[in-house]
S.K.: 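Below is the structure I would like to discuss, written out as C-alpha cells.
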Amino acid sequence: MYDFAYHKPGSIADAVKILTDDPEARPISGGQTLLPALKHRLAHPTALVDLSGIAELRGIQRDGDRLVIGAMTKHYEIQTSDVVKTAIPALAKMAGNLGDTQVRNRGTMGGSLSNNDPAADYPAAAMALNATFRTDRRSIPADEFFQGMFATALEPGELLVAIEFPIPTKAGYAKMRNPASRYVMAGVFVAKLADGSVRVAVNGAGPGVFRQEEMEAALAKSWSADAIAGIRQDPDGLNGDIHGSAEYRAHLVGVMAKRALAEAG
Amino acid sequence: MPQVSLTVNGKPHSVEVEGRTLLVELLREKLRLTGTHVGCDTSQCGACVVHVDGESVKSCTMLAVQAEGADVTTIEGLASADGTLHPMQEAFREYHALQCGFCTPGMVMSAIDLVMKHPEGLDEKQIREGLEGNLCRCTGYHNIVKAIAAAAEVMHGRRTELAQAAE
Ligand code: FES
Ligand code: FES
C-alpha cells in the first residue's frame, strides 16, 4: 500500500472541504472495499478522509412512509435493526447476507452504494425501492444515481449523507452467489411500492444495476410468478466470464426474479 | 507520523504509525502480539480476526489509525491471569478443533463474537454460516463446529462442563 495522509473530520462540512481542496483525497467509511483496493495499489490517494467521526452520518430512522439510513450505518446495524426489520424486512435480510460477519461489522451502506460494485447487493434494493440519495448538497433519485460499473452521479468531493427508502407494500430479494468467491452472479430485487407501482432491479448480471422493465409491467398487472414465467432476459450486454456466460446469467435473472417474488410473498 | 492511542487486552498503548499501517501490523510488529495471524492479507481467511470494541473484525482490513480510542482484544487477552483458558479456547482443546493451529486464533475470536451475539443459542447451520469469514485448511471444520456449540452452552451458563455439551 502506498502511504497517504490521514484526516478524521468531525463534521460533513469539514470532510467536504478537505475532499474539495485535494481532488486526490478519498473518503473512507468501513474500508472493506477500499483497503483491499489500496493494498493492490489499484488506487493511490494522497489522503484518506475517515468519516467515522461524523455522528450525523449514522443512524436509522423511520420518517413517516420512509426509512432513512445514514450513509455510515454498518451492515450489522441494518441487519439487526428492529426499525428496518419492521419497515423493510427484505433490506434487513439483504444486509445480513452480504460479505461475512467481519465485513458486516465494519462495512457501511453508504460506502457500498458510493462504490457501486456491479456485484454489490444494495444497489438492487435502492433501485427497486426507488430510493433517494441525500448528499451534502442535493437529493439524487436512484434512476440517476447509478451510472454503470463503479460509477455514480456523485461529483468529486460530494458526500453521500443518507439514503431514503420509501416503505414498500411488498419487497423481496434473491441472489445466486458464486460458490467460491461468494460474489453475486445474478440478483433480483422486486418491490411493489405504496402507490401500486412495481420496480424490478437486477444486480450482478450486468456491468451495473439495471431495471427489468418487462417484468415490472407484467408484475404491475399481476403480482405472481406466473406473470413473468414467459419473460426472457436478453443476454446481450450481460457479463460473461469464467464463472458463467451471459446466457447463463440471463437465465438466472428469471430464476432469481421468481425466488424474489416468493420471498416478497 | 500519526500517533494512535488504544487499549489492547486491557493495557493502554500509544504508538507512532504510518497512515497505511494496518491494525494487524500494529499488533504483531509494534506490540509483538504475534498470536494474531496473517493468512491471506486479502480479507478472506479470517486468521487475523480480533475484537474491536467487542466486535470481530479482520485486522488486516482495518487501519491502525481507525482503531484510535478503541478497546482491542486479541487471542492473547482471552485467558485469565492465572492461565485458565477462556471456555472457547478450552472447547477447541477438548474437541480437537485444531491441527496446525494457524487459523485457530481467528476462529476463536470469530466464534466468541458469534456466541455472544446469540444468547438464545445456536444450531449447527448458524455456526457454519457464522464462520463464513474464516478458513481452515486442516480440520474440515467438523470439530470446530462441535467446539463452538459446546462453548456456547458453557458461556451462556447452560452447562458448567464442556464434556458432552455438544451432544
Ligand atoms: S489475513 Fe486478514 S483475512 Fe486473511
Ligand atoms: S488448523 Fe490448520 S488451518 Fe485450521
Side-chain angles (χ1 to χ4, degrees), chain A residues 1-10 18 24-53 72 74-77 79-80 93 96-108 111 177-183, chain B residues 1-4 16-25 38 40-70 106-107 109-118 122 126-135 148:
Chain A
M1 209 183 323
Y2 297 111
D3 203 16
F4 41 78
Y6 173 79
H7 306 282
K8 192 171 173 183
I18 302 169
E24 300 298 318
R26 287 203 54 177
I28 179 166
S29 50
Q32 300 304 288
T33 302
L34 182 57
L35 290 175
L38 293 181
K39 287 185 191 180
H40 285 115
R41 297 190 167 178
L42 295 173
H44 187 186
T46 49
L48 288 188
V49 182
D50 185 345
L51 304 177
S52 67
M72 283 293 288
K74 292 172 184 170
H75 309 316
Y76 181 70
E77 297 171 276
Q79 163 190 1
T80 52
K93 196 167 173 198
N97 276 327
L98 61 84
D100 54 45
T101 304
Q102 290 71 38
V103 166
R104 296 196 290 272
N105 282 343
R106 293 286 304 159
T108 68
R177 294 199 281 192
N178 176 287
S181 75
R182 316 301 277 159
Y183 281 109
Chain B
M1 283 230 270
Q3 188 86 14
V4 46
E16 208 164 80
V17 295
E18 288 184 284
R20 62 179 163 181
T21 303
L22 299 169
L23 177 58
V24 71
E25 292 169 339
V38 177
C40 65
D41 196 32
T42 51
S43 320
Q44 269 120 0
C45 75
C48 65
V49 170
V50 301
H51 292 183
V52 174
D53 294 327
E55 298 209 287
S56 62
V57 306
K58 290 180 171 171
S59 62
C60 78
T61 313
M62 180 168 171
L63 298 171
V65 285
Q66 289 178 297
E68 172 66 34
M107 283 288 178
M109 299 313 285
S110 289
I112 292 173
D113 185 25
L114 179 67
V115 169
M116 295 312 285
K117 279 176 174 159
H118 291 275
L122 283 155
Q126 285 172 303
I127 294 174
R128 289 186 183 274
E129 283 176 356
L131 293 180
E132 169 134 31
N134 292 77
L135 301 178
I148 295 171

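Below, chain A is the first sequence line, B the second, and so on; all start at residue 1. Reckoned from all heavy atoms, side chains included, excluding hydrogens, waters and symmetry mates.
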S.K.: Please check if the number of heavy atoms outside B:Arg20 that lie under 6.0 Å from its CZ is greater than 12.
M.R.: yes
S.K.: Not counting sequence neighbours, which residues clear side-chain contact (heavy atoms from CB on, under 4.5 Å) with A:Thr33? List them please.
M.R.: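 With sequence neighbours excluded, A:Thr33 shows a side-chain contact (heavy atoms from CB on, under 4.5 Å) to A:Asn115, given in chain and number order.
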S.K.: For the CE atom on A:Met1, are there more than 12 heavy atoms of other groups (residues, nucleotides or ligands in this structure) within a distance under 6.0 Å?
M.R.: yes
S.K.: Scan side-chain atoms only and decide if B:Asn134 and A:Asp100 contain a donor-acceptor pair under the 3.5 Å cut-off.
M.R.: no
S.K.: Against chain B, label A:Arg104 side chain, backbone, both or neither, depending on which of its atoms sit under 4.5 Å from a heavy atom there.
M.R.: neither
S.K.: With only heavy atoms counted, which part of A:Asp3 is less than 4.5 Å from chain B, the side chain, the backbone, both or neither?
M.R.: both
S.K.: Relative to chain B, which segment of A:Tyr2 carries a heavy atom at a distance below 4.5 Å: side chain, backbone, both, or neither?
M.R.: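 The backbone, not the side chain.
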S.K.: Without hydrogens or angle criteria, can the side chains of B:Ser110 and A:Gln102 be said to hold a donor-acceptor pair below 3.5 Å?
M.R.: yes
S.K.: Under 4.5 Å, heavy atom to heavy atom: which of residues 37-48 of chain A reach chain B? Give them by number, or say none.
M.R.: A:Lys39, A:His40, A:Leu48
S.K.: Between B:Ser43 and A:Val103, does the side-chain contact (heavy atoms from CB on, under 4.5 Å) criterion hold? Intermediate values first, please.
M.R.: CA-CA 9 Å; B:Ser43 320; A:Val103 166; 5.7 Å; no
S.K.: Counting only N and O atoms by type, is there a donor-acceptor contact under 3.5 Å from the side chain of A:Asn105 to the main-chain atoms of B:Val57?
M.R.: no
S.K.: Just checking B:Lys117: does its NZ atom have more than 12 heavy atoms from other residues, nucleotides or ligands closer to it than 6.0 angstrom?
M.R.: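 Enclosed: over 12 neighbouring heavy atoms sit under 6.0 Å from NZ of B:Lys117.
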S.K.: Apply the test side-chain contact (heavy atoms from CB on, under 4.5 Å) to residues B:Leu63 and A:Leu35: give CA-CA distance (whole Å), side-chain angles for both, the deciding distance (0.1 Å), then the verdict.
M.R.: CA-CA 8 Å; B:Leu63 298 171; A:Leu35 290 175; 3.7 Å; yes
S.K.: Who wins among B:Val49, B:Asp113, B:Asp41, B:Leu22 for the most heavy-atom pairs under 4.5 Å with chain A?
M.R.: B:Asp41
S.K.: Rounded to the nearest 0.5 Å, what's the gap from CG on B:Leu131 to OG1 on A:Thr101? Could you check?
M.R.: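 Output value for this atom pair is 8.0 Å.
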S.K.: Is the closest side-chain heavy-atom distance between B:Glu18 and A:Tyr6 below 4.5 Å?
M.R.: no
S.K.: Roughly how far, to the nearest 0.5 Å, is the CD1 atom of A:Ile28 from the CD atom of B:Gln66?
M.R.: 4.5 Å
S.K.: About how many Å separate CZ of A:Arg182 and CD of B:Glu132, when rounded to the nearest 0.5 Å?
M.R.: 4.5 Å
